[in-house]
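Just follow the structure's listing: the first ligand is 1, and inside any ligand the first atom is 1. These values consider heavy atoms only, across backbone and side chains, with no hydrogens, waters or symmetry-generated copies.
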Amino acid sequence: ILAAMGFLPFCCCVLVFCFTASLAEASDLPDLYPPLWETSPGQFSDFKVENNVHIINPWVYPERMGMYKILLKQTARYFEKFGPENEQNILWGLPLQYGWQYSTGRLADPSRQTLCGHESGDPLCISVDSWWADVNYFLSALPFLAAVDSGILGVSSDQVKLLPPPKDQRKFCYNVSGCRLSYPEKMNAWNLFYQYLQSPSSSFDDLLKHLWAAHTSSLENMGEYFEDRYTYYSKIEVEFDKNWTLTVEYLAASHFPTTLIRVHKAQQGLPPRILVDTDVAPFISDFTPLQNIVLSALKILCSVDKLTGSLSLTVWKVLMNTQLARRIFVEMVDGFIFISN
Ligand SMILES: *[C@@H]1O[C@H](CO)[C@@H](O)[C@H](O)[C@H]1NC(C)=O
Ligand SMILES: *[C@@H]1O[C@H](CO)[C@@H](O)[C@H](O)[C@H]1NC(C)=O
């Protein structure tokens, strides 16, 4: 009871803090945008056109970002009712994660056989050998093409084409019909999200529910699909990849609100570079305390998941079934990040 009594005022304080923090930062939103956001293409006419087909090369950082930029811009109108300046757009989580992958070196060629993505060579190149880049393809190309398909981007389905990577071309899809054919469930899940987005009575929580359903559907089986990439990384980085994928399932169950300010802050807790075998959290000297704590927390979470044979995830899903529980969880995360920053 004492703990509960202490907890309530704590939550209230956190609420007040977060509210003031959000207000204070509302005018500096562009500072929170992912790297090179401003200079990335933001409309279809910024891309190459051939025979009335827009051609996007998702293996170049700004062009993949451009898909997100169009998506964020074209969906802004549906989030106006939740707050100003598109800050409440829950699609922000995607470009911010992608930006984090880029700035931490995770989109570069991990085999170092080419200079793709490396500062000394072609820094904007996205390597098909990067595990992160491949998995992110299904969280960029698919949501984008499904948005084209659902009509909210204002171009028709046969007017957009993505370019293939230099190898493993059969692992990806490049247009609406091709992606629908190869990944029907994933595309359907995104289509459901866009359908719900367009309904005038959409609620914030149900939008999150649909978004996370699409997100987890996009990720399903993808880690394993590209597991041959693991050979390029340290054992610790591979563990982190797997652990992060699992953690995303816990976040999904909580309907974690992937809005601009919140994701930006939360990402400051993620590893700022690729992990090497000598990295032992919480003792990584070039990481911030928050980054060390988050990495340790992931370890504990994933160990519990392993020990219980994922029963913990089932229990967590049941626990997160009520809006109140989800709310308390998000307040706690917010509060934690606020205190640690
Ligand atoms: C879409 O891509 C598939 C292969 O991924 C191809 O066979 C098909 O012709 C493409 N469709 C259009 C309309 O470009
Ligand atoms: C990942 O989770 C496992 C438990 O499943 C844990 O033993 C390992 O230390 C974690 N590694 C990282 C880098 O988070």
Side-chain angles (χ1 to χ4, degrees), residues 44 47-59 67 100-101 104-106 110 128 131-132 134 137-138 140-142 144-146 148-149 153 155-184 186-187 223-225 227 230 232-251 266-267 269-288 290-313 316:
F44 281 102
F47 289 102
K48 207 166 85 181
V49 183
E50 253 171 39
N51 302 325
N52 202 25
V53 176
H54 302 277
I55 299 171
I56 301 173
N57 183 357
W59 304 96
M67 295 196 280
W100 167 79
Q101 292 167 1
T104 59
R106 286 182 165 84
V128 69
W131 179 87
W132 291 93
D134 295 335
Y137 190 88
F138 294 85
S140 53
L142 263 52
F144 179 74
L145 290 173
V148 170
D149 193 21
L153 302 189
V155 295
S156 73
S157 293
D158 49 11
Q159 276 185 308
V160 183
K161 185 173 115 178
L162 309 186
L163 293 181
K167 67 169 205 193
D168 289 338
Q169 290 154 358
R170 297 179 65 92
K171 292 203 164 204
F172 304 91
C173 60
Y174 308 100
N175 56 40
V176 171
S177 56
C179 291
R180 286 184 68 115
L181 203 66
S182 304
Y183 301 100
K186 298 181 198 302
M187 288 292 278
E224 299 88 329
Y225 195 44
E227 67 186 356
Y230 286 150
Y232 302 127
Y233 300 95
S234 71
K235 192 172 142 275
I236 303 276
E237 174 73 11
V238 173
E239 269 179 10
F240 170 70
D241 298 355
K242 293 179 181 168
N243 291 0
W244 180 237
T245 312
L246 179 63
T247 306
V248 167
E249 292 199 44
Y250 283 83
L251 288 176
Q267 282 196 159
L270 293 181
R273 57 165 173 76
I274 295 183
L275 298 170
V276 294
D277 274 328
T278 49
D279 286 332
V280 183
F283 307 109
I284 307 175
S285 56
D286 60 335
F287 281 22
T288 65
L290 178 66
Q291 287 159 353
N292 270 301
I293 293 169
V294 167
L295 206 51
S296 309
L298 287 193
K299 271 194 210 178
I300 296 169
L301 174 71
C302 297
S303 304
V304 170
D305 186 273
K306 213 175 208 168
L307 275 174
T308 62
S310 283
L311 179 66
S312 53
L313 182 56
W316 179 252

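- The six-membered or imidazole ring of Y183 lies near that of F138, with a centre-to-centre distance under 6.0 Å.
- Distances below 4.0 Å separate heavy atoms of I236 from the following atoms of ligand 2: 13 (C).
- With hydrogens left out, the protein atom closest to atom 3 (C) of ligand 2 is N243 ND2, 3.7 Å, a heavy atom.
- Among all protein heavy atoms, the one lying closest to atom 8 (C) of ligand 2 is E239 OE1, 3.3 Å.
- Between F172 and D134, some side-chain heavy-atom pair lies under the 4.5 Å cut-off.
- Atoms OG and CG, from S177 and D158 in turn, are 8.5 Å apart once rounded to the nearest 0.5 Å.
- Salt bridge absent: E239 and K299 never bring a charged side-chain N and a carboxylate O closer than 4.0 Å.
- Inclusion of N175 in the set of residues having an N or O under 3.5 Å from an N or O of ligand 1 is warranted.
- Annotation: atom 6 (C) of ligand 2 to nearest protein heavy atom, S303 OG, 4.0 Å.
- The shortest contact between atom 5 (O) of ligand 1 and any protein heavy atom is with Y174 CD1, 4.0 Å.
- The presence of a protein heavy atom under 4.0 Å from atom 14 (O) of ligand 1 is confirmed.
- Heavy-atom proximity to K306, at under 4.0 Å, picks out these atoms of ligand 2: 5 (O).
- If you check the side chains of D305 and Y250, you find a donor sitting under 3.5 Å from an acceptor.
- For the pair W100 and L270, the tightest heavy-atom approach, listed with the atom from each and the gap, is NE1-CB, 3.5 Å.
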